[in-house]
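Below is one structure; the comments refer to it alone.
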Amino acid sequence: MRQFSKRFTQQEALSKDAINAAVEVMNHGRLHRYNVHNEEVAEAAKLEEEFAQLMGSKYCLAVASGGYAIACALRAIGVRTNEKILSNAFTLAPVPGAIVSVGAQPVLVESNRHLTIDFNDLESKAKQSGAQKLVLSHMRGHICDMEILSAICKQLKLILIEDCAHTMGAYWNGTPSGKFGLVSCFSTQTYKHINSGEGGLLVSDCSETMAKAIILSGSYMLYNRHQSRPSLENFEAVRLHYPNCSGRMDNLRAAILRPQLVDLPKQCRKWNRRYYAIANKLKNSPVIEVIERSPKESFVGSSIQFFVLSDNPQFVSKFLDLSHKRGVELKWFGDKQPKGYTSRFDSWQYIVNHECPNTINILDHLFDMRIPLTFTEDDCKLIGEIIVESANTCQ
């Protein structure tokens with residue numbers, strides 16, 4: 001039997017442009033975003049301006065991580081202690097972590113078989129809880145019908161924050177993911193679509209919210225050094241009333257990211273070719289179901305998710321073991337014990353409400369796999385064949 005030998009955690013090397021930009025920052029030593037020389041514009045400020053232009057947004061703020069971006073956004077929109085915040089049950093731990101970090105309480109909403117938020121449960125829990133804010137996680141790059149979601153938010157007067165950690169470069173019906181919320185948050189962690197190890201970006205068209213976010217991020221009284229910011233008058237009302245919750249991005253990471261922004265559309269196309277190379281193979285197994293995608297969704301296939309259509313309790317462990325022995329690292333979201341990066345909501349015991357039985361049933365059959373761009377399209381075809389052979393053997 002053929003084996004796969006490449007590592008699922010190995011990202012592409014940084015480009016020469018990114019390396020040269022980093023070296024230039026290290027040579028002059030001004031890594032702190034507010035440490036500038038004369039009329040110099042900091043790398044972090046340049047990144048913010050360029051990402052805002054890419055998104056078609058008025059403002060952008062670069063911060064230390066995607067999780068910090070969500071917490072900063074929540075603080076900026078005035079979340080109160082013990083306030084209830086709606087969010088998908090199917091997400092990753094930093095999302096409820098950000099909500100809890102600002103003293104709020106997550107109210108988990110069911111997900112459906114498209115791996116997106118369940119609209120009926122959203123309406124029901126919004127009314128039951130009285131929550132006025134929704135952190136919508138586009139988990140693993142799956143985007144719900146944003147026209148319907150926007151209409152629900154308008155009807156229920158919900159403030160929307162988009163978690164776009166897995167959808168940078170994606171679109172819903174021609175509109176960039178991240179253009180639907182009052183604030184939208186992105187990640188530049190190693191396994192996301194641009195890579196600085198850790199990092200995050202906030203975008204918004206709301207001048208009041210962004211002025212607060214910039215103060216909260218730790219701008220001191222140096223907010224005038226931001227290029228992608230509201231007018232200085234917007235800071236006068238907030239600059240002495242919001243704390244410095246330091247979470248700035250430094251110039252070294254920003255310098256690494258700027259060349260990657262230029263390459264983002266090309267990288268997204270490369271991911272999707274690899275995604276379909278795997279997905280087309282998975283269709284050859286009667287026990288595997290690839291997640292259906294809407295024709296309105298222009299997604300980025302940096303990972304792939306699929307269901308295994310078996311209720312045999314022995315199937316999962318055997319399937320994972322066979323795939324792993326042949327070099328394919330699959331993650332199972334049904335595992336009740338958190339492992340590595342993978343956990344599910346009922347293991348987050350700091351959340352009071354765990355009542356999402358439909359999501360549990362979905363996760364019990366859900367498998368997940370990263371698709372690094374260090375894999376070729378032929379690699380991905382082989383991976384798909386190994387998964388199918390392993391699944392068919394376990395029937």
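Any value given below was found using the heavy atoms of this structure, including those in side chains, with hydrogens, waters and symmetry copies removed.
- Counting heavy-atom neighbours within 6.0 Å of His324 NE2, excluding the residue itself, gives a total of 12 or less.
- Under the 30°/60° scheme for interplanar angles, the aromatic rings of Phe315 and Phe319 are found to be tilted.
- One finds no salt bridge joining Arg258 and Glu49 here, because no Lys/Arg side-chain nitrogen approaches an Asp/Glu carboxylate oxygen to under 4.0 Å.
- At a threshold of 4.0 Å, the pair Glu43-Arg30 does not count as salt-bridged, since none of the basic side-chain nitrogens sits closer than that to a carboxylate oxygen.
- The same ILVMFWY cluster, assembled from side-chain heavy atoms under 4.5 Å apart, contains both Tyr242 and Leu74.
- With contacts defined as side-chain heavy-atom distances shorter than 4.5 Å, the pair Leu134/Leu156 does not qualify.
- Put simply, Ile117 and Phe345 are part of two different groups of oily side chains (I, L, V, M, F, W, Y) that touch within less than 4.5 Å, one to the next.
- The CG atom of Leu108 sits 8.5 Å away from the OG1 atom of Thr359 when rounded to the nearest 0.5 Å.
- The aromatic rings of His193 and Trp271 sit tilted relative to each other, their planes meeting at an angle between 30° and 60°.
- The hydrophobic cluster containing Ile256 also includes Leu14, Ile19, Val23, Val25, Met26, Leu31, Leu252, under a criterion of side-chain heavy atoms closer than 4.5 Å among ILVMFWY residues, counted directly or through chains of members.
- For the pair Lys212 and Glu208, the salt-bridge criterion is met [side-chain N within less than 4.0 Å of a carboxylate O].
- Taken to the nearest 0.5 Å, the OG1 atom of Thr91 stands 9.5 Å off from the CG atom of Leu136.
- Minimum heavy-atom separation, Lys125 to Cys356: NZ-SG, 3.5 Å.
- Side chain of Thr374 to main chain of Gln10: a donor-acceptor pair is present (N/O by atom type, distance under 3.5 Å, no hydrogens or angles).
- Between Arg140 and Asp368, at least one side-chain nitrogen of the basic residue sits less than 4.0 Å from a carboxylate oxygen of the acidic one, meeting the salt-bridge criterion.
- Trp172 and Ser177 share no side-chain donor-acceptor pair at under 3.5 Å.
- A salt bridge links Glu83 with Lys133: the distance from a Lys NZ or Arg NE/NH1/NH2 to an Asp or Glu carboxylate oxygen falls below 4.0 Å.
- For the residue pair Asn120 and Ser124, no side-chain donor N or O sits within less than 3.5 Å of a side-chain acceptor on the partner.
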Exercise. Where do Val287 and Ser310 land on the side-chain contact (heavy atoms from CB on, under 4.5 Å) test, with the steps shown first?
Worked result: CA-CA 7 Å; Val287 293; Ser310 173; 5.5 Å; no
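- Ile85 and Val107 are not part of a single hydrophobic cluster, where members link through side-chain heavy atoms under 4.5 Å apart.
- The two residues Cys72 and Ser217 come nearest to each other via the heavy atoms SG-N, 4.4 Å.
- Remark: Tyr68 pairs with no residue by the ring pair (Phe, Tyr, Trp, His ring centres under 6.0 Å) rule, at least two apart or across chains.
- When atom types are taken as modelled, the side chain of Ser57 and the backbone of Tyr59 share no donor-acceptor pair closer than 3.5 angstrom.
- In this structure, Arg326 pairs ionically with Glu389, as a charged nitrogen and a carboxylate oxygen lie closer than 4.0 Å.
- Here Tyr191 pairs with Tyr341 under the ring pair (Phe, Tyr, Trp, His ring centres under 6.0 Å) rule; sequence neighbours left out.
- Note that the CD atom of Glu198 and the NZ atom of Lys192 stand 8.0 Å from one another [nearest 0.5 Å].
- Between Tyr275 and Phe299, the gap from one ring centroid to the other is short of 6.0 Å.
- When ring centroids are compared, His226 and Tyr34 come within the 6.0 Å threshold.
- You'll find the side chain of Ile77 reaches within 4.5 Å of the side chain of Leu182, heavy atoms only.
- In this structure, Phe375 has its ring center under 6.0 Å from that of Phe4.
- Arg344 and Asp364 are joined by a salt bridge, as a carboxylate oxygen and a charged side-chain nitrogen come within less than 4.0 angstrom of each other.
- Following chains of ILVMFWY side-chain contacts shorter than 4.5 Å, one cannot reach Leu202 starting from Leu264, and the two form parts of different hydrophobic clusters.
- Between the side chain of Gln132 and the main chain of Leu158, no donor-acceptor pair closer than 3.5 Å is present.
- A donor atom on one side chain and an acceptor atom on the other are not found under 3.5 Å apart for Asn88 and Ser111.
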For this session: Starting from the C-alpha separation in whole Å, work towards a yes-or-no answer on salt bridge (Lys or Arg N to Asp or Glu O under 4.0 Å) for Lys179 and Glu162.
Result: CA-CA 8 Å; Lys179 282 295 291 179; Glu162 284 185 79; over 6 Å; no
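- Glu147 and Asn173 share a donor-acceptor pair across their side chains, judged by distance under 3.5 Å alone.
- Between the side chains of Asp311 and His365, at least one donor N or O sits under 3.5 Å from an acceptor N or O.
- Side chain to side chain, Ser303 and Gln305 meet the donor-acceptor criterion of an N or O pair below 3.5 Å.
- Without hydrogens or angle criteria, Glu289 side chain to Phe307 main chain gives no donor-acceptor distance under 3.5 Å.
- Cluster membership for Leu330 and Leu363, using ILVMFWY side-chain heavy atoms within less than 4.5 angstrom, is not shared.
- Without hydrogens or angle criteria, Asn234 side chain to Pro230 main chain gives no donor-acceptor distance under 3.5 Å.
- A donor-acceptor pair under 3.5 Å links the side-chain atoms of Glu48 to the main chain of Ala62, judged by distance alone.
- A side-chain donor from one of Glu233 and Ser231 sits under 3.5 Å from a side-chain acceptor of the other.
- Remark: Asp250 does not engage Arg33 in a salt bridge, criterion side-chain N to carboxylate O under 4.0 Å.
- Panel note: side chain Thr376, backbone Asp379; a donor-acceptor pair is recorded below 3.5 Å.
- Side chain of Arg248 to backbone of Gly218: a donor-acceptor contact under 3.5 angstrom is found.
- Remark: the Ser246 side chain and the Asn244 side chain contain an N/O donor-acceptor pair separated by less than 3.5 Å.
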Problem set entry | Verdict with supporting geometry, Ile70 and Asp163, side-chain contact (heavy atoms from CB on, under 4.5 Å) | CA-CA 7 Å; Ile70 296 172; Asp163 164 32; 4.1 Å; yes
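- Using a 3.5 Å distance cut-off with no hydrogens or angles, the side chains of Gln267 and Gln260 do not pair a donor with an acceptor.
- Formation of a donor-acceptor pair under 3.5 Å by the Asn251 side chain with backbone atoms of Ala42 is not found in this model.
- For the pair Glu24 (side chain) and Ala21 (backbone), a donor-acceptor distance under 3.5 Å is absent.
- Side-chain atoms of Ser196 and Thr188 form a donor-acceptor pair, as typed in the model, at a separation below 3.5 Å.
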Problem set entry | Check against side-chain hydrogen bond (donor to acceptor under 3.5 Å, both in side chains), Asp321 and Ser317 | CA-CA 6 Å; Asp321 185 56; Ser317 58; over 6 Å; no
